[in-house]
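Report on the following structure.
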Amino acid sequence: MERCPWSEGFEQYRRYHDEEWGVPLRDSQALFELLMLEGAQAGLSWSTILKKRENYREAFDGFDPMRIAAYGPDDEARLMANAGIVRNRLKVAGVIKGARAYLAMEASGTRFSDFVWQFVGGEPLQNRWTSLNEVPASTAVSDAMSKALKKAGFTFVGSTICYSFMQASGMVNDHLVACPRHKAVKSHPGATSLLRVSPPRKRRAGASSATIAPDESGSA
């Protein structure tokens with residue numbers, strides 16, 4: 001099986017690539033979780049968040065926006081003391097802000113899933129890349145999504161984070177055409193996913209193809 005080269009390295013990575021990455025995800029709460037984990041990944045390696053994913057789910061009440069939105073100072077202190085997650089105060093606060101923004105959006109009558117999928121017209125964009133060097137780190141579409149999410153009250157949603165979110169959630173099919181998963185995810189436009197994190201961003205010139213992502217804040 002000729003997987004996308006970024007997926008080689010360790011077994012969890014390969015399973016994620018083979019089973020989850022790029023499969024269209026349309027459940028609003030699952031998409032919220034993915035976006036929050038993408039924000040947590042900013043400036044760190046993908047493997048860091050993959051290894052901590054279950055710790056995040058436990059620490060943040062299964063990424064239930066209703067419960068997270070009610071967090072107060074004691075909860076923030078609890079999270080900052082939790083060695084199982086990335087203990088960055090701005091990122092922890094960003095999840096709480098995100099939950100409140102999510103609830104405000106849904107209260108206004110807009111499903112979060114509909115909101116993010118509108119940027120690709122409701123259907124996955126089918127790319128046909130032949131090498132990792134062709135895959136962008138961001139696009140005009142991710143720029144627009146980033147701007148709209150910031151306006152809605154989310155943080156850690158720079159354009160690069162949004163594009164990685166789009167790749168992971170199947171809004172774009174960025175499996176290389178030689179990879180069997182390119183055809184597989186294309187044939188499942190309504191499928192959902194349970195594993196909600198993304199691989200590294202596009203490598204910079206002279207850099208390894210693995211692990212390091214740029215640090216993006218909500219103001220980026």
Side-chain angles (χ1 to χ4, degrees), residues 1-8 13-42 46 49-50 111-150 152 154 156-204 209-214 216 220:
M1 180 177 185
E2 190 177 349
R3 296 178 179 90
C4 298
W6 62 258
S7 68
E8 300 299 342
Y13 226 14
R14 288 189 288 270
R15 285 203 312 271
Y16 172 61
H17 170 273
D18 293 353
E19 300 170 10
E20 304 292 342
W21 190 70
V23 176
L25 178 62
R26 298 181 186 272
D27 177 81
S28 287
Q29 187 170 321
L31 285 162
F32 169 73
E33 177 182 326
L34 172 58
L35 186 62
M36 296 302 99
L37 291 174
E38 289 288 354
Q41 186 193 1
W46 137 250
I49 302 304
L50 177 61
R111 293 178 65 248
F112 185 66
S113 177
D114 293 339
F115 180 85
V116 294
W117 274 92
Q118 70 176 310
F119 294 97
V120 292
E123 295 296 332
L125 302 178
Q126 301 296 330
N127 290 323
R128 294 189 58 81
W129 311 121
T130 59
S131 77
L132 289 182
N133 291 329
E134 295 176 320
V135 182
S138 62
T139 64
V141 175
S142 66
D143 290 348
M145 180 185 289
S146 172
K147 182 177 179 180
L149 285 168
K150 290 175 186 176
F154 291 86
F156 288 95
V157 287
S159 186
T160 300
I161 287 175
C162 285
Y163 193 70
S164 185
F165 169 72
M166 290 168 61
Q167 292 174 309
S169 64
M171 293 179 198
V172 293
N173 181 359
D174 271 359
H175 284 281
L176 302 185
V177 291
C179 174
R181 292 297 295 166
H182 184 275
K183 182 177 181 180
V185 300
K186 185 177 181 180
S187 67
H188 293 88
T192 59
S193 172
L194 295 177
L195 202 155
R196 304 157 189 156
V197 278
S198 76
R201 275 72 172 179
K202 182 184 177 184
R203 61 181 173 180
R204 271 54 175 173
S209 62
T211 69
I212 301 301
E216 295 191 49

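Between Phe156 and Gln41, the closest side-chain pair of non-hydrogen atoms is not below 4.5 Å. Using a 4.5 Å heavy-atom cutoff, the side chains of Tyr163 and Asp174 are in contact. Looking only at side-chain heavy atoms (C-beta outward), Asp143 and Lys147 stay at 4.5 Å or farther from each other. Side-chain atoms of Leu31 and Ser113, non-hydrogen and from C-beta on, do get closer than 4.5 Å to each other. Contact annotation: the side chain of Trp129 approaches that of Pro136 to within less than 4.5 Å [non-hydrogen atoms, C-beta and beyond]. Between Phe119 and Met166 there is no side-chain heavy-atom pair separated by less than 4.5 Å.
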Worked check of side-chain contact (heavy atoms from CB on, under 4.5 Å) between Leu35 and Val116: CA-CA 10 Å; Leu35 186 62; Val116 294; 5.8 Å; no
Step-by-step side-chain contact (heavy atoms from CB on, under 4.5 Å) determination, Gln167 to Val135: CA-CA 10 Å; Gln167 292 174 309; Val135 182; 3.5 Å; yes
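Under 4.0 Å is where a charged nitrogen must lie from a carboxylate oxygen, and between Glu123 and Lys186 no such pair does.
Taking each heavy atom of Val120 and Met171 in turn, the nearest pair found is CG1-O, 3.8 Å. Of all non-hydrogen atoms in Cys4 and Leu176, the two that sit nearest each other are SG-N, 3.3 Å. Of all non-hydrogen atoms in Asn173 and His182, the two that sit nearest each other are ND2-O, 2.9 Å. When all heavy atoms of Trp6 and His17 are compared, the pair lying nearest together is CZ2-CD2, 3.7 Å. The shortest heavy-atom contact between Ser7 and Arg14 is O-CG, 3.4 Å. Across every non-hydrogen atom of Pro124 and Gly170, the tightest pair is CB-O, 3.2 Å.
Heavy-atom neighbours of Arg128 CZ from other residues, nucleotides or ligands within 6.0 Å: at or below the threshold of 12.
To the nearest 0.5 Å, the span separating CG on Asp27 from OG on Ser169 amounts to 12.0 Å. Between Gln126 atom CD and Lys183 atom NZ the span is 13.0 Å, to the nearest 0.5 Å. For the atom pair CG of Leu37 and CG of Leu50, the computed distance is 10.0 Å after rounding to the nearest 0.5 Å. In this structure, Ser28 OG and Arg26 CZ are separated by 11.0 Å, a value rounded to the nearest 0.5 Å.
When each of Phe115, Phe32, Phe112 is tested with Phe154 by the rule ring-ring contact (aromatic ring centres under 6.0 Å, His included), just one qualifies, namely Phe112.
Within the cation-pi definition used here (under 6.0 Å to the ring centroid, within 45° of the axis), Arg181 does not qualify as a partner of Trp21.
Put simply, the side chain of Ser142 never gets that close to the backbone of Cys162: no donor and acceptor are under 3.5 Å apart. A distance-only check finds no donor-acceptor pair linking the side chain of Thr160 to the backbone of Ser138 [under 3.5 Å]. Between the side chain of Glu8 and the main chain of Pro5, no donor-acceptor pair closer than 3.5 Å is present.
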